Each structure stands twice: as structure tokens, then as C-alpha cells.
Amino acid sequence: QVQLVESGGGLVQAGGSLRLSCAVSGRTFSSYRMGWFRQAPGKGREFVAAISRSGAVTYCADSVKGRFTISRDNAKNTVYLQMNSLKPEDTAVYYCAADPDLAIATIRIPGAYDYWGQGTQVTVSS
């Protein structure tokens, strides 16, 4: 059984920073490609960032490029999302996701991931 637990969300002013963490238990963490998604009220789940198994390759949505950074620590079974220069439009519930067999072509598609966390709320005030 794979479990993902996000933490680090909260309320921050525009221009501020937050770091989200996602701790993964279960099968070998280094065998998973990992992703971060977000969902604002009334909207669908949106790709934010993803990272390869080794951490050597990362992918980011255009809306967060240059502001958000995804990273992972395979020794700690944890993936991170460093969020800088936050904007009110970044307000959403943020989810981490994992999949051991994810194809690169589907890394931005929520339905391609097998495992999800419960989400953590990020609210950015103007």
C-alpha cells in the first residue's frame, strides 16, 4: 500500500514563499516518477510540476516556470515543491501524485498517476 502525505501549505501574502513536502511510504520511492498538481475551486486538476525517478529531469507548467521548483530526496522518500513569488492565482489545493510506470508523454495528465495524497491548501492573499 502506497501512501502520500502532503504538508507545508498555508496562508501567505502575494510575493511570499512556501515549501510543500510530500512523504511517500510503501514501495521503493526511487521507482516512482512524482508530480504536483493543484485544483482551485470550480476548476479541474491542473499540472504544476513533475520529476524523474532520479531527480535529474524536471518538468514545469508554463504558469509556474521560474517561480516554482520541484525536487526530491530519495533517501528521505520525500518530494518537494518550492514556491516563490506567489500570486493570488496560485491559490488552490495542492496534491502530490506518484506512479511507477508513468510514461513521459503523460506526465502532465492527472489520470496517468496511480497514487495521490490528500492535498494541502495554499492560499495567497493580495
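Quick caveat: nothing in here was measured; it's all calculated off a predicted structure.
For the residue pair Thr123 / Gln121, a side-chain donor-acceptor distance below 3.5 Å is found, with atom types taken as modelled. Counted by atom type alone, Arg19 and Gln82 present zero donor-acceptor pairs between their side chains at under 3.5 Å. In the model, Asp73 has no side-chain atom that pairs as donor or acceptor with a side-chain atom of Thr78 under 3.5 Å.
Inter-residue side-chain proximity for Met83 and Arg67 is flagged as unmet; no heavy-atom pair is nearer than 4.5 Å. Counting only heavy atoms from C-beta outward, the side chains of Val24 and Val5 never approach each other to under 4.5 Å. Between Leu81 and Thr69 there is no side-chain heavy-atom pair separated by less than 4.5 Å. Counting heavy atoms from C-beta outward, Ser63 and Phe68 have side chains that stay 4.5 Å or more apart.
Atom-to-atom distance recorded for Tyr94:OH and Leu18:CG is 9.0 Å, nearest 0.5 angstrom. To the nearest 0.5 Å, the span separating SG on Cys96 from CZ on Arg38 amounts to 15.5 Å. For the atom pair Asp99 CG and Ile109 CD1, the distance stands at 11.5 Å (nearest 0.5 Å).
Between the side chain of Gln3 and the backbone N or O of Ser25 there is no donor-acceptor pair closer than 3.5 Å. For Arg72 (side chain) and Ser52 (main-chain N/O), a donor-acceptor pair under 3.5 Å exists by modelled atom type. At distances below 3.5 Å, at least one donor-acceptor pair connects side-chain atoms of Glu6 with backbone N or O atoms of Gln118. For Arg53 (side chain) and Pro100 (main-chain N/O), a donor-acceptor pair under 3.5 Å exists by modelled atom type. Checking side-chain atoms of Ser54 against main-chain N and O of Ala56 turns up a donor-acceptor pair under 3.5 Å.
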Pair Asp114-Val2, side-chain contact (heavy atoms from CB on, under 4.5 Å): steps then yes or no: CA-CA 10 Å; Asp114 282 348; Val2 179; over 6 Å; no
Could you walk me through whether Leu86 and Asn84 pass the side-chain contact (heavy atoms from CB on, under 4.5 Å) check? CA-CA 5 Å; Leu86 282 160; Asn84 299 328; over 6 Å; no
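When all heavy atoms of Asn74 and Ser30 are compared, the closest pair comes out as ND2-CB, 3.6 Å.
Connectivity analysis of hydrophobic side chains (ILVMFWY, heavy atoms under 4.5 Å, direct or indirect) links Tyr80 to nothing; its cluster partners are none. With a 4.5 Å cut-off between side-chain heavy atoms of Ile, Leu, Val, Met, Phe, Trp and Tyr, the cluster of Phe47 takes in Phe37, Val57, Tyr59, Val93, Tyr95, Leu102, Ile104, Ile107, Tyr113, Trp116.
Within a 6.0 Å radius of NZ in Lys76, no more than 12 heavy atoms belonging to other residues, nucleotides or ligands are found.
Under a 4.0 Å N-O distance rule, the pair Lys87/Asp90 does not qualify as a salt bridge.
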